[in-house]
There are 2 protein chains.
Amino acid sequence: MEYLNDMALFVEVVKARSFRRAAETLGMPNSTLSRRIGLLEKSIGLRLLHRTTRRIELTEAGQLYYERSKRIVEEARIAHEQLGEMVARPSGVLRVSLPVDFATTYLAPLLPEFAALYPGMTFDFDLTPRNVDLVAEPFDLAIRMAAPQTPNLIARVIARFTPRLYAAPGYLERNGEPHHPSELERHECLTMQNIGSWILHREAETVEVKVGSRFRGNSVAMIRRLATLEMGITAIPERVVVEELANGQLRRILPEWQLAPTSAYAVTETRLLPAKTQRFIEFLRERLREA
Amino acid sequence: MEYLNDMALFVEVVKARSFRRAAETLGMPNSTLSRRIGLLEKSIGLRLLHRTTRRIELTEAGQLYYERSKRIVEEARIAHEQLGEMVARPSGVLRVSLPVDFATTYLAPLLPEFAALYPGMTFDFDLTPRNVDLVAEPFDLAIRMAAPQTPNLIARVIARFTPRLYAAPGYLERNGEPHHPSELERHECLTMQNIGSWILHREAETVEVKVGSRFRGNSVAMIRRLATLEMGITAIPERVVVEELANGQLRRILPEWQLAPTSAYAVTETRLLPAKTQRFIEFLRERLREA
DNA sequence: GCAGATTGCGCCATTTTTGGAATAATCATT
DNA sequence: AATGATTATTCCAAAAATGGCGCAATCTGC
């Protein structure tokens with residue numbers, strides 16, 4: 001079963017009708033070519049071509065073998081070219097698993113442009129909080145808000161978020177506006193699940209404050225809604241609340257302070273990705289570098 | 001263009017749904033298999049299968065590649081099996097170039113049996129005294145009465161002839177019967193072209209006698225005919241004149257003496273022969289060992 | 001004819017590939 | 001949860017393939 005490469009060499013020799021020319025087009029020394037063909041013949045126990053130094057002629061067996069081989073080699077070449085196209089030209093269905101919030105806030109606005117860029121692509125988004133199994137399920141890509149600790153998964157940062165603090169004017173009127181992070185501990189701080197404290201930065205200064213409230217959720221949209229409903233202070237990237245800021249539903253507080261940046265990751269099972277996936281990640285990185 | 005073998009390995013891995021099992025059926029260490037598949041993936045720039053240590057799953061690219069590859073590999077396997085059959089089961093046309101005398105005297109009687117042995121074979125005999133070019137002309141085999149001095153031609157002895165001396169009774173009556181080789185010089189000795197002397201053996205004794213006559217020919221049949229027509233003494237293998245001996249046309253003389261054996265050769269362009277040629281040579285060697 | 005050019009093949013130092021053992025990682029079972 | 005079994009991958013010494021080079025043989029242009 002180790003004769004398949006030699007088959008391709010044989011086809012090339014027959015096509016070129018010469019060892020030397022075949023070796024040239026193949027980019028290999030003719031000593032190698034000659035030996036490989038000789039070994040192929042020995043392995044099947046038949047001489048495939050009569051050779052003089054000036055001319056080569058197919059034997060009966062060689063004729064038969066060539067007729068079959070050239071088709072086989074050609075088909076193999078096509079199969080590889082097709083794969084090559086997958087690497088070069090984005091097409092087909094891109095299956096992405098990603099969090100709802102990321103999809104609606106960050107991805108959705110970018111999609112029309114990306115889709116227009118690559119007309120051959122279609123999209124299949126699975127908006128789910130769970131961490132899908134990239135190996136078992138047919139996803140090309142997952143977007144995660146935290147780097148996966150699983151080994152043999154490749155994670156690339158596609159966006160860095162710097163959450164800042166926002167609250168509804170009504171909430172601030174009722175509870176007062178904090179002027180230093182330390183004051184946050186006595187406020188309602190709307191946080192995502194599993195978050196116990198905020199680490200706040202101002203220039204080189206860093207303050208960690210324990211935060212908490214009666215409301216927690218795993219949805220940024222939910223947190224934001226709670227904030228506009230004057231339920232508390234939230235730490236959230238600016239882009240998420242740009243509309244609420246514009247119409248006055250929310251107002252930034254402690255404007256000199258910001259939280260430690262968090263990142264969004266494009267997670268894949270491998271680095272050897274088809275073009276559709278590569279371009280998508282590339283595009284997101286470019287557009288979301290500093291979100 | 002060096003990925004064709006790896007394609008076969010990939011197909012095997014997919015079929016076995018496991019590297020280990022595939023390596024087993026392929027008879028290779030799984031370390032090699034793993035590395036080869038990995039290199040294949042790297043060379044095309046796409047991952048073909050998602051692997052955990054427990055399960056193998058095709059990627060989209062892998063699925064596509066497998067669909068194409070399995071057909072290609074299967075066809076290649078069939079092509080090789082077909083060649084294998086050419087080695088194993090003799091079939092097709094056997095083209096032989098051989099001398100007329102060998103054909104009529106030695107080969108013809110054997111042909112019915114050989115032809116019956118291999119019904120798939122047909123025969124094309126070219127009876128010619130010239131030395132055909134085995135490389136340029138489509139002959140599978142040439143039978144020669146002398147070893148070719150050309151290199152890169154393979155000659156196998158298929159028969160050894162021990163010529164003995166015969167003459168027609170009428171000739172002997174007229175010219176007397178010699179009782180020692182030395183007497184031959186004054187006889188009409190019918191020889192093949194280019195033969196100047198006979199080397200005669202009796203036990204360990206050797207005598208060389210200059211021979212010659214008014215008749216020479218390159219045909220044994222011609223020489224034999226001249227002998228029966230009482231034109232002289234001839235040195236010829238017994239089998240050639242068995243009929244003439246039986247009906248008294250010829251008689252053996254100097255019965256204790258015989259000429260140096262000569263050989264008939266099966267000459268081919270290579271040792272890598274299809275079954276039809278191999279079996280033919282084999283058959284001739286068996287039946288003509290001591291002619 | 002004859003000389004130069006071309007071609008296939010054998011030889012051997014060098015590079016590449018291989019294969020067994022160790023390692024990492026996953027799944028089933030307790 | 002933890003253990004044990006199974007499996008893919010990595011590492012490194014050993015084996016194999018490679019590729020200039022020279023040789024022998026042949027063909028082409030003069």
Side-chain angles (χ1 to χ4, degrees), chain A residues 1-6 8-10 12-14 16-43 47-59 62 131 133-137 148-154 269-272, chain B residues 1-6 8-10 12-14 16-43 47-59 62 133-136 148-154 269-272:
Chain A
M1 211 50 162
E2 279 295 315
Y3 37 67
L4 232 53
N5 279 340
D6 297 337
L9 300 186
F10 169 71
E12 203 54 50
V13 170
V14 175
R17 308 202 75 79
S18 149
F19 274 70
R20 198 192 64 77
R21 279 197 297 278
E24 204 164 316
T25 58
L26 285 164
M28 61 162 54
N30 48 14
S31 60
T32 303
L33 184 59
S34 172
R35 207 160 358 89
R36 292 280 290 272
I37 299 291
L39 256 53
L40 172 67
E41 290 179 324
K42 194 168 284 182
S43 88
R47 185 139 280 220
L48 296 171
L49 12 94
H50 291 302
R51 330 148 160 56
T52 62
T53 51
R54 287 313 259 201
R55 205 191 358 264
I56 53 175
E57 307 232 7
L58 284 166
T59 64
N131 280 17
D133 183 350
L134 282 169
V135 178
E137 297 178 64
Q149 65 276 41
T150 326
N152 71 24
L153 283 184
I154 314 297
E269 195 267 336
T270 167
R271 291 191 193 282
L272 298 170
Chain B
M1 209 52 161
E2 280 296 313
Y3 35 67
L4 231 54
N5 279 340
D6 297 337
L9 301 185
F10 169 71
E12 203 54 48
V13 170
V14 175
R17 305 202 75 79
S18 150
F19 274 69
R20 196 193 63 77
R21 280 198 297 278
E24 201 164 316
T25 57
L26 285 164
M28 61 163 54
N30 50 10
S31 60
T32 302
L33 184 58
S34 171
R35 202 161 0 85
R36 293 279 291 272
I37 299 291
L39 256 51
L40 173 67
E41 289 177 325
K42 193 168 282 180
S43 88
R47 185 141 279 221
L48 296 172
L49 6 99
H50 293 302
R51 352 189 187 336
T52 63
T53 52
R54 293 307 264 203
R55 203 188 2 261
I56 299 274
E57 304 253 358
L58 283 166
T59 64
D133 184 350
L134 281 169
V135 178
Q149 65 275 44
T150 326
N152 71 24
L153 283 184
I154 314 296
E269 196 267 333
T270 166
R271 290 191 193 282
L272 298 169

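A, B, ... follow the sequence lines: proteins, then strands. Residue 1 opens every chain.
Checking side-chain atoms of B:D6 against main-chain N and O of B:I37 turns up no donor-acceptor pair under 3.5 Å.
Contact annotation: the side chain of B:L58 approaches that of B:V14 to within less than 4.5 Å [non-hydrogen atoms, C-beta and beyond]. Using a 4.5 Å cut-off on side-chain heavy atoms (C-beta onward), B:L49 and B:E41 make contact. Between A:E269 and A:L153 the shortest side-chain heavy-atom distance falls below 4.5 Å.
Rounded to whole Å, the distance from CG on A:L26 to P on C:dG8 is 13 Å. As a whole-Å value, the separation of A:E24 CD from C:dT6 P is 11 Å. Across the protein-nucleic acid pair, A:R21 atom CZ and C:dA5 atom C1' stand 14 Å apart, rounded to whole Å. Protein atom CG of B:L49 is 14 Å distant from nucleotide atom C1' of D:dT9, rounded to whole Å. B:I56 has its CD1 atom 12 Å from the P atom of C:dC27, to the nearest Å. Straight-line distance from the CG atom of A:L39 to the P atom of D:dT18: 9 Å, rounded to whole Å. Rounded to whole Å, the distance from CD on A:E57 to P on C:dT7 is 16 Å. B:R17 places its CZ atom 15 Å from the P atom of D:dT7, with the value rounded to the nearest Å.
Closest to the side chain of B:R51, out of C:dT26, D:dT9, C:dG8, is D:dT9. Of the candidates D:dT9, C:dG8, C:dC27, C:dG8 carries the atom nearest the A:R20 side chain, counting heavy atoms from C-beta on.
When the side-chain nitrogen and oxygen atoms of A:S34 are compared with OP1 and OP2 of C:dG8, none of them lie within a distance under 4.0 Å.
Salt-bridge check for B:R36 with B:E12: failed, with every basic side-chain N at 4.0 Å or more from each acidic carboxylate O.
The minimum heavy-atom distance linking A:N5 with B:L4 is given by the pair OD1-N, 2.9 Å. Taking each heavy atom of B:L40 and B:Y3 in turn, the nearest pair found is CD1-CB, 3.8 Å. In terms of heavy-atom proximity, A:F10 sits nearest to A:L48 at CE1-CB, 3.7 Å.
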Under 3.5 Å, which N/O atoms of the protein pair with N/O atoms of nucleotides 18-22 of chain C?
unit_1	atom_1	unit_2	atom_2	d
C:dT18	OP1	B:R36	NH1	2.4
C:dG19	OP2	B:T32	OG1	3.1
C:dG19	N7	B:S31	OG	3.4
C:dG19	N7	B:R35	NH2	2.8
C:dG19	O6	B:R35	NH2	3.4
C:dG20	N7	B:S31	OG	3.3
C:dG20	O6	B:S31	OG	3.2

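Over its length, the helix from C:dG1-D:dC30 to C:dT30-D:dA1 turns its helix axis by 40°, as judged from the five terminal pairs at each end, rounded to 10°.
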Got a list of side-chain donor-acceptor pairs under 3.5 Å for residues 24-31 of chain A, not counting sequence neighbours?
unit_1	atom_1	unit_2	atom_2	d
A:E24	OE1	A:R20	NH1	2.8
A:T25	OG1	A:R21	O	3.4
A:T25	OG1	A:A22	O	2.9

